[in-house]
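One is the number of the first residue; the rest follow in order along the sequence.
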Amino acid sequence: MALMPSAESTPASVHEPDPVRPTHQDPVAAAGSELIGGPMGRRALLGASWWTPVRVIALVAIGMFVLGLVQKAPCYNGAWFFGASSQYTHACYSDIPHLYQGRGFADGLVPYFEKLPGDMEYLEYPVLTGLFMEAASWLTPGSGTIQDQEQWYWMVNAGMLMVCAAVIAVCVTRTHARRPWDGLLVALAPAFALTATINWDLLAVALTAAALLMWSRQRPLAFGVLLGLATAAKLYPFLILGPLLVLCWRAGKWRPFGTALGGAALAWLVVNLPVMLYAFDGWSKFYTFSQERGVDFGSLWLILAQNSDDPLSTETVNTLATLLMLLCCGAVAALTLTAPRRPRFAQLAFLIVAAFILTNKVYSPQYVLWLVPLAVLARPKWRDFLIWQACEVAYFLGIWMYLAYTTSGDAHKGLPTDGYHWAIGLHLLGTLFLCVMIVRDILMPDRDPVRRTGEDDPSGGVLDGAEDVFVLGPAARTEPPATHVEGPQVHWGKSREPDGSL
């Protein structure tokens, strides 16, 4: 068995291989390409015209986003305003128009600084998301009926969120330089289009995708700043720093990690500190609301609560969910330090965010947006991605049909509780399925779709091709045996044929 060459003797920059063509590597992509003329030929002039992969994918993402807006048309034309359950039966619900008045934007109230007249005393969103919402209200005409204003507010937000969607598609396309067409997975993801305008999550997702692009380009400070801004818009992005810490520990890359951590902390403080100092009660509402919120839609905890005569208290669920999340973090850390080959950054980023989603006490349908870019970078396999997306679309329909059932009175139009539990189960199983496939890729790197083409960690930045300095378990003592699979065997960014030749 040939010895694995070191990272220093086989840098990723030795040669510039051709871009990976998914229609040559992925049977599902090849079959789907028949709709547009079949797999790309070897004489195709990639990048030789205006229609570069980045531009094509950005336009496809915008087109799918527009289809998502069309899907919301029944609500825009009345279901948001008339009838308790029609917005659910049409599966076109959105928080955006309802919160225009419900969170004081229609009355010109300043988020965090002024109390709201309803049950919610202050805006329950992080500061950067609150600023995004406020900016959209500035662009909304104040004339006309409240319905007209809410329609305008949704359209203004939709335009701003469309920009975020395009940014996500472009960043994912450019993160793996040799695999630009993987970005089509983001652009064509059905759950992405269906949930894009339910809430404001796309802002945090776009900043996170841009941060990952910066890390892949070995710009840790820019990565940290963007990730700090993303955390100022939504809480989940900071979780990515955990696996990055363990990866940098294994590779001995402490300085880049310190730079990234410092940039993230500074960016988060710049956004949050002014509001924290002058409107602490309003600023802290997001955190207290998250803690006090009971078991809610989409979670395993809801299934347990609705099938129990004595449901767990909110405090108990908070404690158990935290413990489960900590166990998942420990498992990801152990996997990182003992794997036969250092896992790719995107793989661990997906696993840690998925763990948070699976253990959390609430799963709103738009949370799938957090995982879509990470899933594409972690496992760009069309079959597995579409299986997961099918599960998420089923959940998207399930939650609205369940709400239609609970709000339609004696008519009982929609999905009863037991049926909704099956929809939750599909979501959980679909996410777990993708996690299992990624863990398998980590334990058997030759099965990783990215590494099978001869790369190490194209989204890893300074980690790409780096040697290990701290490893635990058998990987620290011996070279792992080659996995017996068909096709090339991958060794630290170089591809070897089964006979061991390069």
query = Between Ser299 (side chain) and Tyr363 (backbone), is there a donor-acceptor pair under 3.5 Å?
reply = no
query = Where does the angle between the aromatic ring planes of Trp370 and Tyr367 fall among parallel (under 30°), tilted (30 to 60°) and perpendicular (over 60°)?
reply = parallel
ask   = Stepwise, does the side chain to side chain contact (heavy atoms under 4.5 Å, CB included) test hold for Leu351 with Cys435?
value = CA-CA 6 Å; Leu351 290 177; Cys435 290; 3.9 Å; yes
request  = Check Ala61 against Ala169 and note the closest heavy-atom contact, atom names and distance.
outcome  = CB-CB, 3.7 Å
note = Checking Val246, Ile442, Leu472 against Thr336 for side chain to side chain contact (heavy atoms under 4.5 Å, CB included), the one that qualifies is Val246
remark   = d(Leu241 CG, Leu227 CG) to nearest 0.5 Å is 5.0 Å
inquiry  = Please determine whether side chain to side chain contact (heavy atoms under 4.5 Å, CB included) holds for the pair Leu239 and Phe356, giving the CA-CA distance in whole Å, both sets of side-chain angles, and the decisive distance to 0.1 Å.
reply    = CA-CA 9 Å; Leu239 294 169; Phe356 179 73; 3.6 Å; yes
ask   = Is any side-chain heavy atom of Arg178 closer than 4.5 Å to a side-chain heavy atom of Thr453?
value = yes
ask   = Just checking, is any N or O donor in the side chain of Asn360 or Tyr236 under 3.5 Å from an acceptor N or O on the other one?
value = no
inquiry  = Looking at Ile198, is its backbone amide N or carbonyl O close enough to the side chain of Gln366 to form a donor-acceptor pair, meaning the two atoms are under 3.5 Å apart?
reply    = no
Test log, rule salt bridge (Lys or Arg N to Asp or Glu O under 4.0 Å), inputs Arg379 and Asp384 = CA-CA 8 Å; Arg379 184 167 174 79; Asp384 298 347; 2.5 Å; yes
request  = Could you pull out the closest heavy-atom pair between Phe65 and Ala165, with the gap in Å?
outcome  = CD1-CB, 3.8 Å
inquiry  = Using 0.5 Å steps for rounding, measure from the CG atom of Leu221 to the CG atom of Leu261.
reply    = 11.5 Å
task = Please report the closest heavy-atom contact between Leu312 and Thr316, naming both atoms and the distance.
result = CD2-CG2, 4.1 Å
ask   = Does Leu213 offer a backbone N or O that forms a donor-acceptor pair with the side chain of Ser216 under 3.5 Å?
value = yes
note = Minimal heavy-atom distance between Gln291 and Lys361, with the atoms involved, is O-NZ, 3.1 Å
query = Should the heavy atoms of other residues, nucleotides or ligands under 6.0 Å from CZ of Arg440 be counted, would the total exceed 12?
reply = yes
inquiry  = Any heavy-atom pair between the side chains of Leu463 and Arg344 that's under 4.5 Å?
reply    = no
task = Answer yes or no: is there a side-chain heavy-atom contact under 4.5 Å between Ile357 and Leu371?
result = yes
ask   = Do Pro256 and Trp215 touch side chain to side chain, with heavy atoms closer than 4.5 Å?
value = yes
message = Using a strict threshold of under 4.0 Å (side-chain N to carboxylate O), is an ion pair present between Arg451 and Asp446?
response = no
request  = Tell me, yes or no, whether the heavy-atom count around Trp254 atom CH2, taken from other residues, nucleotides or ligands under 6.0 Å, exceeds 12.
outcome  = yes
query = Do the ring planes of Trp249 and Phe470 sit parallel (below 30°), tilted (30 to 60°) or perpendicular (above 60°)?
reply = parallel
query = Is the closest side-chain heavy-atom distance between Leu374 and Leu212 below 4.5 Å?
reply = yes
key: Contacts of type salt bridge (charged side-chain N to carboxylate O under 4.0 Å, His left out), residue Lys234, not counting sequence neighbours   = Asp201
message = Could you check whether any side-chain heavy atom of Trp268 comes within less than 4.5 Å of a side-chain heavy atom of Leu229, counting everything from C-beta outward?
response = no
ask   = So His176 and Val376, side chain to side chain contact (heavy atoms under 4.5 Å, CB included) or not? Walk me through it.
value = CA-CA 10 Å; His176 288 180; Val376 171; over 6 Å; no
task = Mind telling me whether Phe297 and Tyr420 have parallel, tilted or perpendicular rings, with 30° and 60° as the class edges?
result = perpendicular
ask   = How many angstroms lie between CG in Leu335 and CG in Leu348, if you round to the nearest 0.5 Å?
value = 6.5 Å
ask   = Step by step, would you call Leu247 with Lys253 a side chain to side chain contact (heavy atoms under 4.5 Å, CB included)?
value = CA-CA 8 Å; Leu247 285 170; Lys253 300 294 184 180; over 6 Å; no
note = So OG1 of Thr417 and CD1 of Ile303: to nearest 0.5 Å the spacing works out to 11.0 Å
Donor-acceptor pair, side chain of Thr129 and main chain of Tyr125, under 3.5 angstrom = no
query = Are the aromatic ring centres of Trp388 and Phe433 under 6.0 angstrom apart?
reply = no
query = Should Asp468 and Arg342 count as an ion pair when the cut-off is N to O under 4.0 Å?
reply = yes
query = Taking C-beta and beyond as the side chain, do Leu337 and Val471 meet within less than 4.5 Å on heavy atoms?
reply = no
request  = Identify the heavy atoms of Ala251 and Ala466 that sit nearest to each other, and give their distance.
outcome  = CB-CB, 4.4 Å
query = Any idea how Trp400 and Tyr88 line up, ring-wise: parallel (<30°), tilted (30 to 60°), or perpendicular (>60°)?
reply = parallel
note = To the nearest 0.5 Å, atom CG of Asp182 lies from atom CD1 of Ile57 at 8.0 Å
task = Indicate whether the side chain of Asp448 and that of Gln347 have a donor and an acceptor atom separated by less than 3.5 Å.
result = yes
Gln306: side chain to side chain donor-acceptor pair (under 3.5 Å) partners, not counting sequence neighbours = Tyr402, His421
key: Euclidean distance, Asn272 CG relative to Leu128 CG, rounded to 0.5 Å   = 8.5 Å
query = So, do Arg179 and Glu455 sit near enough that their side-chain heavy atoms are less than 4.5 Å apart?
reply = yes
key: Least distance between heavy atoms, Ile168 atom then Val205 atom   = CD1-CG1, 3.5 Å
